[in-house]
*Asks:* 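Quick one: this structure, given as structure tokens, is what I'll be asking you about.
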Amino acid sequence: MKNFNSKVYEVTKKIPRGKVSTYGLIACLAENCRAPRAVGNALNKNFSPDIPCHRVIRSNGSIGGYRGNLLKKIRKLKSEGVIIKNNRIDLKKFGWPS
DNA sequence: CTAATGACCATTA
DNA sequence: ATAATGGCCATTA
């Protein structure tokens, strides 16, 4: 892969520890602001250990999904200092970019 | 080539 | 507050 996916991976890797980003935002930073689906799709199919896809959540603050195990995603986020409340994350505080 | 799929988003009811 | 609808995009079959 060379275009969209790579870009998505790059951006996702840039997410600092302890922060989270959204699919839509990644789409914007990658190429197209209107391809949040493609972002999720790419992450789903190209699930790589080098990519902190657990830091990617939905725009409304909900956790979203995870291919392996959603619980693991939540646990990792909590481990990084992200506060998850009622399956929601405060994007105002942990959203990236700020 | 076309059709179907999905870890989505914003709007509307 | 939740539920349903339409639209948008890249990838895969």
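So that the names make sense, note that chain A is the first sequence line, chain B the second, and so on, each numbered from 1.
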*Asks:* Could you state the interatomic distance from OH (A:Tyr9) to CG (A:Asp50), rounded to the nearest 0.5 Å?
*Replies:* 11.0 Å
*Asks:* Give me the residues of residues 12-19 of chain A where at least one heavy atom lies under 4.0 Å from an atom of DNA chain B, by number, or none.
*Replies:* none
*Asks:* Give the B/S/- string for nucleotides 6-13 of chain B, one per nucleotide from 5' to 3', where a protein heavy atom under 4.0 Å of the base yields B, of only the sugar-phosphate yields S, and otherwise -.
*Replies:* BBBSS---
*Asks:* Only pairs at least two apart or in different chains count here, so list each disulfide bond (SG atoms under 2.5 Å apart) that has a residue in residues 3-50 of chain A.
*Replies:* A:Cys28-A:Cys33
*Asks:* Walk me through whether A:Val39 and A:Leu43 qualify under side chain to side chain contact (heavy atoms under 4.5 Å, CB included).
*Replies:* CA-CA 6 Å; A:Val39 172; A:Leu43 290 175; 4.2 Å; yes
*Asks:* Are A:Ser59 and A:Tyr23 side-chain neighbours, meaning at least one heavy-atom pair lies under 4.5 Å?
*Replies:* no
*Asks:* Could you state the interatomic distance from NZ (A:Lys14) to OG (A:Ser21), rounded to the nearest 0.5 Å?
*Replies:* 11.5 Å
*Asks:* Enumerate the protein-to-nucleotides 1-3 of chain B contacts in which both atoms are nitrogen or oxygen and the separation is below 3.5 Å.
*Replies:*
none

*Asks:* Tell me which pairs pass salt bridge (Lys or Arg N to Asp or Glu O under 4.0 Å) where either residue lies in residues 89-98 of chain A, with sequence neighbours left out.
*Replies:* none
*Asks:* Could you list all the side chain to side chain donor-acceptor pair (under 3.5 Å) pairs where at least one residue sits in residues 73-85 of chain A, not counting sequence neighbours?
*Replies:* A:His54-A:Glu80, A:Arg55-A:Glu80
*Asks:* Heavy-atom distance under 4.5 Å between the side chains of A:Pro97 and A:Leu29, does that happen here?
*Replies:* yes
*Asks:* What are the two closest non-hydrogen atoms of A:Ala27 and A:Pro36, and how far apart are they?
*Replies:* CB-N, 3.9 Å
*Asks:* Using a 4.5 Å cut-off on heavy atoms from C-beta on, say whether the side chain of A:Val8 contacts that of A:Thr12.
*Replies:* yes
*Asks:* Any idea which heavy atoms bring A:Asn60 and A:Ser62 closest together, and the distance?
*Replies:* OD1-OG, 2.9 Å
*Asks:* Of the residues in residues 81-98 of chain A, which ones touch DNA chain C at a heavy-atom distance under 4.0 Å?
*Replies:* none
*Asks:* Dot-bracket for DNA chain C, 5' to 3', with Watson-Crick and G-U pairs under 3.5 Å, [ ] for crossing pairs and | for other-strand pairs: what is it?
*Replies:* .||||||.|||||
*Asks:* Mind checking who shares a hydrophobic cluster with A:Phe47, ILVMFWY linked at side-chain heavy-atom distances under 4.5 Å?
*Replies:* A:Val20, A:Ile57, A:Ile63, A:Tyr66, A:Leu70, A:Ile74, A:Leu77, A:Val82, A:Ile83, A:Ile84, A:Ile89, A:Leu91, A:Phe94
*Asks:* Tell me every residue that passes side chain to side chain donor-acceptor pair (under 3.5 Å) with A:Ser48, counting only those two or more places apart in sequence or in another chain.
*Replies:* none
*Asks:* Just grab all the side chain to side chain donor-acceptor pair (under 3.5 Å) pairs involving residues 26-41 of chain A, residues at least two apart or on different chains.
*Replies:* A:Asn41-A:Lys45
*Asks:* Tell me the salt bridge (Lys or Arg N to Asp or Glu O under 4.0 Å) pairs involving residues 56-70 of chain A, sequence neighbours left out?
*Replies:* none
